[in-house]
Amino acid sequence: VTHWDELDRPVSGDFASCPDVDAVVFAVPHREFRAIEPRTWLDGRRPIVLDANDCLTAAQRDAFAGAGCIVASVGRGSTAPL
């Protein structure tokens, strides 16, 4: 998708780096999410990461946790108490 018709806004597919946010929710299993290299994408940030629909690989979830993020997955629990 390159344009959100209802809001008349362009949609960027750029995943250059994680935005400065408190949490990231991966809700739709787009192939672009499977291509993210967590440590590079985080660029030093440590948001809470929720994999809400098995969007990330086990290795990606481990890499997010290893970078200091709290990682939770629907049906899998979390890496630390929320």
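Note that the coordinates shown come from a computational prediction; the quantities given were computed from them, not determined experimentally.
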Of the non-hydrogen atoms in C55 and F26, which two are nearest, and what is the gap between them? SG-O, 3.5 Å
Let me check something: do I36 and V28 share a hydrophobic cluster, defined by ILVMFWY side-chain heavy atoms less than 4.5 Å apart, either directly or through other members? no
Heavy-atom pair of closest approach, residues C18 and L42: CB-CA, 3.9 Å
Heavy atoms from other residues, nucleotides or ligands near CZ of R46 exceed 12 (cutoff 6.0 Å): no
Taking only residues two or more places apart in sequence, or in another chain, which ones meet T40 in a side chain to side chain contact (heavy atoms under 4.5 Å, CB included)? E37
Ignoring hydrogens, what is the shortest heavy-atom contact between Q60 and R34? Give both atom names and the distance. NE2-O, 3.4 Å
Can you see which heavy atom on D54 is nearest to which on D51, and at what distance? N-OD1, 3.2 Å
Taking only residues two or more places apart in sequence or in another chain, which ones pass salt bridge (charged side-chain N to carboxylate O under 4.0 Å, His left out) with D62? none
Residues which pass side chain to side chain contact (heavy atoms under 4.5 Å, CB included) with E6, listed by chain and number, not counting sequence neighbours: W4
Can you name the nearest heavy-atom pair linking V25 to A52, along with the distance? CG1-CB, 4.2 Å
Non-neighbouring partners of P10 that pass side chain to side chain contact (heavy atoms under 4.5 Å, CB included), sequence neighbours left out: none
Mark yes or no for whether R45, through its side chain, and S17, through its backbone, hold a donor-acceptor pair below 3.5 Å. no
I'd like to know if the side chain of R61 and the backbone of L56 have a donor-acceptor N/O pair within less than 3.5 Å. yes
With D5 via side chain to side chain donor-acceptor pair (under 3.5 Å) - residues at least two apart: H3
Those residues that, when tested against D20, pass side chain to side chain donor-acceptor pair (under 3.5 Å) (two or more places apart): none
Would you give the length of the straight line joining atom CD1 of I48 to atom SG of C69, rounded to the nearest 0.5 angstrom? 9.5 Å
On the 0 to 90° scale, with breaks at 30° and 60°, tag the W41-F64 ring pair as parallel, tilted or perpendicular. perpendicular
